[in-house]
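Below: one structure, written as structure tokens.
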There are 2 protein chains.
Amino acid sequence: MKEVSKPDSQQKSLSGVKEIAKRANVSIATVDRVIHNRSGVSEKTKARINKIIEELDYLPNLMASRLALGKVTRLAAIIPQVTEESEFWHAPLNGLKRAEKEIRQFGVRIDPMLFDPSSRSSFSAVAKAAMESDYDGVILAPSFVEESKHVLEKCQQRGIPFVFLDSNIPDQSNLTYIGPPYFQSGYVAANLISRLLRNSRKLLVVNIATESDSFNYLQIENGFRKYFRENSLPSEITRIDIRDTEYESVARYLTYVFMFHAEIEAVFVTNSQVSTVASFLYNSQRRHVSVIGYDYTPENIRYLKNGTIDFLICHQAEDQGYRAAMSLYQHLVLGQQVPKEHFMPIDIITRENHEYYRN
Amino acid sequence: MKEVSKPDSQQKSLSGVKEIAKRANVSIATVDRVIHNRSGVSEKTKARINKIIEELDYLPNLMASRLALGKVTRLAAIIPQVTEESEFWHAPLNGLKRAEKEIRQFGVRIDPMLFDPSSRSSFSAVAKAAMESDYDGVILAPSFVEESKHVLEKCQQRGIPFVFLDSNIPDQSNLTYIGPPYFQSGYVAANLISRLLRNSRKLLVVNIATESDSFNYLQIENGFRKYFRENSLPSEITRIDIRDTEYESVARYLTYVFMFHAEIEAVFVTNSQVSTVASFLYNSQRRHVSVIGYDYTPENIRYLKNGTIDFLICHQAEDQGYRAAMSLYQHLVLGQQVPKEHFMPIDIITRENHEYYRN
DNA sequence: CTGAAAGCGCTTACAG
DNA sequence: CTGAAAGCGCTTACAG
């Protein structure tokens, strides 16, 4: 297998393409063609070159490649804007920015395109704008399912890869899903809440959301119920839906519920709106009621710190944004394989450990 | 402020150094000298160039720079080898490998240099070897304090930056510390265990370790005790030290302890040896005793799954290795500022959420 | 104190 | 189907 090296003026092993070119007795242009599977190379030389690439275990120098290409890869991130009720999205946006900082040296740019999460039409408008601007990759929080499918069809047609962030639409040809394992997350919530039940074993599940379609909370609730079923825990679960995030509305609903179910010991809020519920309980002197909810938002942390909220479950929101961007980078720039789903861990945050949590 | 652009043949804005050179009426070599603060430039032109750099908000192209330099940056990672009793180190090693994969395209290489964590002399030998090989940066798990100080003195003399991994030595001129906030971690452990106490409120703290100096467990215990003090919880804390990690020895000790303290309700093991204790409790049919300990090792997960261990506290061991390497990369290659300490989050792992944990 | 020129490894018109 | 040459932005001897 050892080859006899021709007496060369320079013993120094040439680098990548040059070395390959020399060994194959072709020019580096031809080598380049083979490496990138471009047409215009005879099968014979192609095979020869590929064999040498194998032998040399050649990996192209990414820096040199990007430098020569001088190409800019543009990613659109279609996610909710940060408002009082969507504080959650602060973190993924930061993650996207962190990713951009890291990969902009490779010519990757990320444009956040923010929509109003309580408005279907706003989503459509933003998505349309994104499609018109011809991005190389798309990151999408598919809050509105039908509207999302529209966008994604276009992406598919044009061969633009897209990734789902924080919420999934099954059976789409997305590059990957970056987000929580919602079902199991609800299961964890149930386990935590069951640790807090004492006497009546009555608990309340609250879903607070406006317009979005996102069925995350359904999965959460399924996981939640599964836990109680599996462990055959004698508990009474009341469940309410509130289609309004305003404090006044929520308080009205809850007052009503507690009127009829005064013995409720614990409340599970299926999303980041938990601070509104905590606020109600705090204001109405119901300090004995345990509370579990989602996400590391300033308001939630406030009520975690003052003891109203017992546990927050978090899914590393910042990292979700970061990884969504990095997945596209891996795919588009590095040409690497990306796993079809990347589930975030289910983190349990308490008053004691929240200080060191990196959301 | 607007400058009148001279009528140029090419309107195209030149890139980085060239553009600066043109504006300053010097060659790019001079610009390069200024950028890197190398000597041999008159104060006058230096000032002129610096001003232009400011104006242009110039950031050097890292890819081009590394490509031209062709330099390899070598990092030594002096950490414990992975044995049955130091399974923990599997994860940081993986993190180091992940980091290398990411930054080897910038010419960074990482050599793991593994020592036997139960042997002071092994540590010394490995550290010595590392010093002889003249690395550009050092990652160190300072299991043995005095011996570590030796190494670090040499690093300082030669201006080689070093970072502490998983355990800290205060007052050293380390670039950064990557590891858990041990004190607060003990505090969290106390909170968790207090949730598990029922009647006797007697609990046992066990430290199992062989030769290493690492005083992590002292901090952990301090945090642990602080919690009980602060919350004035009426509890009886027994504490034992076992200087041997073998199952037989541990079992002997524990048998003895439980003889005199049969009412112990919960055990807190201050490190990853918790599976040994869990094994003892499991084997001796003490399934009612709650157990808390550290780290996501296969053995620990086994006992978490079968319900013997109630909580594992983990500090993202894989990420610790990754971040240690990335800190040196940021410092040596990117010339960026690195925070003096990077504390890992205190993660609470249960039977319900362990499956999605990324250690 | 300063500059012209070659080179890092890859890519891309362009010419054949 | 193939190659020579220029260029990406930065660095580095070398010469002055």
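In what follows, chains are A, B, ... by sequence order, proteins preceding strands, each numbered from 1.
Under 3.5 Å, the side chains of Tyr322(A) and Gln316(A) contain no donor-acceptor pair of N or O atoms. Between the side chains of Arg66(B) and Thr73(B), at least one donor N or O sits under 3.5 Å from an acceptor N or O.
Side-chain nitrogen and oxygen atoms of Ser27(A) include at least one within less than 4.0 Å of the OP1 or OP2 phosphate oxygen of dG3(D). At dT2(C), one or more side-chain N or O atoms of Thr45(B) fall inside 4.0 Å of OP1 or OP2 (strictly under the cut-off). Remark: Ser42(B) is not in phosphate contact with dC1(C), judged by side-chain N or O atoms under 4.0 Å from OP1 or OP2. Applying the 4.0 Å criterion to OP1 and OP2 of dC10(C), one finds that Tyr58(A) has a side-chain N or O inside that range. One finds no side-chain N or O of Lys71(A) lying less than 4.0 angstrom from the OP1 or OP2 phosphate oxygen of dT11(C). Distances shown here put every side-chain N or O of Ser39(B) at or beyond 4.0 Å from the OP1 or OP2 atom of dC1(C).
Screening Leu59(A), Val17(A), Ile35(A) for a side chain to side chain contact (heavy atoms under 4.5 Å, CB included) with Ile53(A), the sole residue that qualifies is Ile35(A).
Each of Leu69(B) and Leu67(A) lies near DNA chain D, and the nucleotide nearest Leu67(A) is the one positioned closer to the 5' end. Two residues, Met63(A) and Val26(B), neighbour DNA chain C, and the one matched to the more 5' nucleotide by heavy-atom proximity is Val26(B).
In this structure, Lys22(B) places its NZ atom 18 Å from C1' of dG3(C), rounding to the nearest Å. The CG atom of Asn25(A) sits 11 Å away from the P atom of dA4(D) (whole-angstrom rounding). Nucleotide dC10(D) holds its P atom 9 Å from the NZ atom of Lys18(B), rounded to whole Å. Going from atom CZ of Arg48(A) over to atom P of dT2(D) covers 8 Å, rounded to whole Å. Between the CZ atom of Arg33(B) and the C1' atom of dT11(D) there is a distance of 11 Å, given to the nearest Å. Taking atom CZ on Arg38(A) and atom P on dC1(D), their separation rounds to 15 Å, with Å as the unit. What separates CG of Asn61(B) from C1' of dG7(D) is a distance of 14 Å, to the nearest Å. The distance from atom CD of Glu43(B) to atom P of dT2(C) is 10 Å, rounded to the nearest whole Å.
For His90(B), the NE2 atom sits in a loose shell: 12 or fewer heavy atoms of surrounding residues, nucleotides or ligands are nearer than 6.0 Å. Around the NZ atom of Lys101(A), the shell of radius 6.0 Å holds no more than 12 heavy atoms that belong to other residues, nucleotides or ligands.
Put simply, the side chain of Thr176(B) never gets that close to the backbone of Val163(B): no donor and acceptor are under 3.5 Å apart.
On a pure distance criterion of 3.5 Å, no polar donor-acceptor pair joins the side chain of Arg66(A) and the base of dG9(C).
For Ile28(B), the listed nucleotide lying nearest its side chain is dT11(D); candidates were dC10(C), dT11(D), dC8(C). Distance from the side chain of His36(A) is smallest for dT11(C) among the nucleotides dT2(D), dT11(D), dT11(C). If you check dC10(C), dC10(D), dT2(D) against the side chain of Thr30(A), the one that comes closest is dT2(D). Of the candidates dA4(C), dC10(C), dT2(D), the closest approach to any side-chain atom of Ala64(A) belongs to dC10(C).
At a threshold of 4.0 angstrom between heavy atoms, the contacts of Gly40(B) include nucleobase atoms, whether or not backbone atoms are also involved. Using a 4.0 Å heavy-atom cutoff across all strands shown, Ile35(A) reaches no nucleic acid atom at all. The residue Asp32(A) sits close to a base: some heavy atom pair falls under 4.0 Å.
In this entry dA4(D) has no Watson-Crick or G-U wobble partner, no candidate having both defining distances under 3.5 Å.
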